[in-house]
Amino acid sequence: MSQLDFEIAIIGAGVVGLALASRLSEKHSSIVVLEKNQKYGMETSSRNSEVIHAGIYYEPGSLKARLCVEGREELYTLCRKHDIPHSQITKIINARTEAELPQLEEIFNNGTRNGVDLRMLNARETQALEPNISTCGSIFSPSTGIISAHGLMDHFFHHALSKEATVQHNCEVVGIDQSSGGYVITLNESGSTSTITVEKIVNSAGLFSDQIAAIAGINIDAAGYRLHYCKGSYFSVSPSKGKLLNRLVYPVPTKDSLGVHALLDLGERLKFGPDVEYLSTNELDYSVSDAKRSLFLASIQNILPTVHDEDIAPDMSGIRPKLQTKGGLAHDFVIAHEEERGLKGFVNLIGIESPGLTASPAIARYVEGLLFA
Ligand SMILES: Cc1cc2nc3c(=O)[nH]c(=O)nc-3n(C[C@H](O)[C@H](O)[C@H](O)COP(=O)(O)OP(=O)(O)OC[C@H]3O[C@@H](n4cnc5c(N)ncnc54)[C@H](O)[C@@H]3O)c2cc1C
């Protein structure tokens, strides 16, 4: 084999790409992360709820369930060890009506099968935790928390650099060709084109991961890898009403989402979201329309009846890279070594929506296992 520039290229410096770089650089000295933006973490990894999910809702046995539960524990350990801002704030899933109680029980059973520590609370016990909500009972999740996504990415980034990994910003992958012993990657750096050679590739390009798979020669429709962009917007609540909750409060979920829920961030700001809006084109449109105000207000008042129109304002949004079509069936993460498609040493990560932030350290371990099985 001729001399390669790097052993492993990771495409995308979001939280997953950085978690991978941090992990793989422990044992491998020749790693490059290729990122098209001017800094890491400028897309989905900085546009999310920053919740450390417990792993309650995912189908038992799925990658989402397994990697969320494992990743959550790894995150808490990392946070404590490296002072990454976080709080194990806990969460409740609240049934507002008697009619929602059977669904609550199903969620409880599902979460328990995933190995999540949960407790059923009656209305009185729930009210003792959250006096300002209207409730018929809830599930209490003690292991749910919140984290600074930037703090986590900063940690992964600096750890990877300290272990000799290279992170190249402003560096868009525009071509992938096989060569003897690996791959030639074509890069666009501020308008000028160059190539590097690598032995292995991990496609961790988030919203563009299907396009990277296509560039590598995979028919993404036949493979079921085409992504559908699904925006999630948030509205914030004015500080005067920001202290009405003590923890995260979720409604009983719908088929497509966890439902607009109450989030507290590390600065104790209260936000509600994200809603579910499939975009008609795969464009990065992060605007939050004030036209959603009345729908948001209805969801917010379902949880906190004393919040009024004048207390809320459009906030931020993020875009989910969904394999699930609008109204279609839920999908698991795709994390696949594409050897059978003739791409030895090429791992695709596609559809890494929630709980990708929580699962990031566990995804990194899983990918390492695929690359070096
Ligand atoms: C609204 C919303 C709320 C969420 N809430 C939570 C939550 O509370 N908890 C949780 O665990 N998860 C949550 N998630 C999911 C979580 O944010 C994602 O799973 C995670 O951030 C995915 O990280 P990533 O590194 O795969 O992708 P990204 O962060 O999208 O990173 C991919 C990177 O690849 C780069 N890239 C793309 N194409 C190229 C190219 N051709 N060349 C070079 N670089 C390229 C991009 O610029 C980008 O930086 C949420 C997601 C959304 C949208």
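For clarity, every value in this text was computed on a predicted model and none was experimentally measured. Whatever order the structure lists them in is the order used to number ligands and atoms, beginning at 1.
- For a threshold of 3.5 Å applied to N or O pairs, the pair formed by Y234 and ligand 1 contains no separation below that value.
- Using a 3.5 Å distance cut-off with no hydrogens or angles, the side chains of Y225 and N219 do not pair a donor with an acceptor.
- Taking a cut-off of under 4.0 Å to the non-hydrogen atoms of H53, the atoms of ligand 1 that pass are 7 (C), 8 (O), 9 (N), 10 (C), 11 (O).
- With hydrogens and angles left out, the side-chain atoms of S317 and S233 include no donor and acceptor closer than 3.5 Å.
- Within a 6.0 Å sphere centred on CD of E189, heavy atoms belonging to other residues, nucleotides or ligands number more than 12.
- Considering both main-chain and side-chain atoms, I11 never comes within under 3.5 Å of ligand 1 through any nitrogen or oxygen pair.
- For ligand 1 and E43, the ligand atoms under 4.0 Å from any heavy atom of the residue are 30 (O), 46 (C), 47 (O), 48 (C).
- Summarising the geometry of P251 relative to I303, their closest heavy-atom pair is CD-CD1, 4.3 Å, with the distance given to 0.1 Å.
- Annotation for E310: atom CD counts as buried by contact number, over 12 foreign heavy atoms lying within 6.0 Å.
- The shortest contact between atom 44 (N) of ligand 1 and any protein heavy atom is with K36 N, 3.1 Å.
- Of the candidates L248, L258, I352, the one placing a heavy atom closest to atom 19 (O) of ligand 1 is I352.
- You'll find the ring centres of F272 and F235 outside the 6.0 Å limit.
- Summary of contacts: the protein heavy atom closest to atom 5 (N) of ligand 1 is S49 N, 3.2 Å.
- The residue among G175, S354, G356 with a heavy atom at the shortest distance from atom 14 (N) of ligand 1 is S354.
- Within a 6.0 Å sphere centred on CD of E164, other residues, nucleotides and ligands contribute 12 heavy atoms or fewer.
- Considering only non-hydrogen atoms, atom 4 (C) of ligand 1 lies nearest to N48 out of N48, I10, V51.
- Atom 38 (N) of ligand 1 has F208 CB, 3.4 Å as its closest protein atom, hydrogens excluded (heavy atom only).
- When each atom of ligand 1 is checked for a heavy atom of I212 under 4.0 Å away, the hits are 41 (N).
- Using a 3.5 Å distance cut-off with no hydrogens or angles, the side chains of S22 and H159 do pair a donor with an acceptor.
- Looking at atom 35 (C) of ligand 1, its nearest protein heavy atom turns out to be E35 OE1, 3.3 Å.
- Residue, atom and distance of the protein heavy atom nearest to atom 37 (C) of ligand 1 are A205 O, 3.4 Å.
- Annotation: G206 places no N or O atom under 3.5 Å from an N or O atom of ligand 1; distance criterion only.
- With ligand atoms numbered from 1 in the order given, ligand 1 contributes 9 (N), 10 (C), 11 (O) to contacts under 4.0 Å with heavy atoms of T358.
- Within a 6.0 Å sphere centred on NZ of K344, other residues, nucleotides and ligands contribute 12 heavy atoms or fewer.
- Inspection of the D5 and T197 side chains reveals an N or O donor paired with an N or O acceptor under 3.5 Å.
- H169 and E35 are not linked by any side-chain donor-acceptor pair at a separation below 3.5 angstrom, with hydrogens and angles left out of the test.
- In terms of polar-atom proximity, E353 is counted as a contact of ligand 1, with an N or O under 3.5 Å from an N or O of the ligand.
- Relative ring orientation between Y58 and H53 is described as perpendicular, the plane-to-plane angle rising above 60° on a 0-90° scale split at 30° and 60°.
- The residue among L357, L20, N203, L349 with a heavy atom at the shortest distance from atom 16 (C) of ligand 1 is L357.
- Relative to atom 30 (O) of ligand 1, the option among N37, V173, V15, T44 with the closest non-hydrogen atom is T44.
- Contact analysis leaves M42 out of contact with ligand 1, as no non-hydrogen atom separation drops below 4.0 angstrom.
- If you number the atoms of ligand 1 from 1 as listed, the ones under 4.0 Å from a heavy atom of V16 come out as 23 (O), 24 (P), 25 (O), 26 (O).
- Contact annotation: for I319 versus ligand 1, heavy atoms closer than 4.0 Å belong to the backbone alone.
- When all heavy atoms of K64 and H331 are compared, the pair lying nearest together is NZ-O, 2.8 Å.
- In terms of heavy-atom proximity, G145 sits nearest to L248 at O-CD1, 4.3 Å.
- For atom 21 (O) of ligand 1, the closest non-hydrogen atom of the protein is S45 OG, 2.9 Å.
- No N or O atom of L207 sits closer than 3.5 Å to an N or O atom of ligand 1.
- Scanning the protein for heavy atoms near atom 31 (O) of ligand 1, the closest one is G14 CA, 3.3 Å.
- Each of the atoms 53 (C) of ligand 1 lies under 4.0 Å from some heavy atom of R320.
- Within the listing of ligand 1, atoms 32 (C), 34 (O) sit less than 4.0 angstrom from a heavy atom of S204.
- When the options G12, A9, C171 are ranked by their closest heavy atom to atom 34 (O) of ligand 1, first place goes to G12.
- In this model, no donor atom of one side chain and acceptor atom of the other lie less than 3.5 Å apart for S143 and D117.
- Heavy-atom contacts from other residues, nucleotides or ligands closer than 6.0 Å to CD of Q301 number more than 12.
- Among the atoms of R47, none of the N or O lies under 3.5 angstrom from an N or O of ligand 1.
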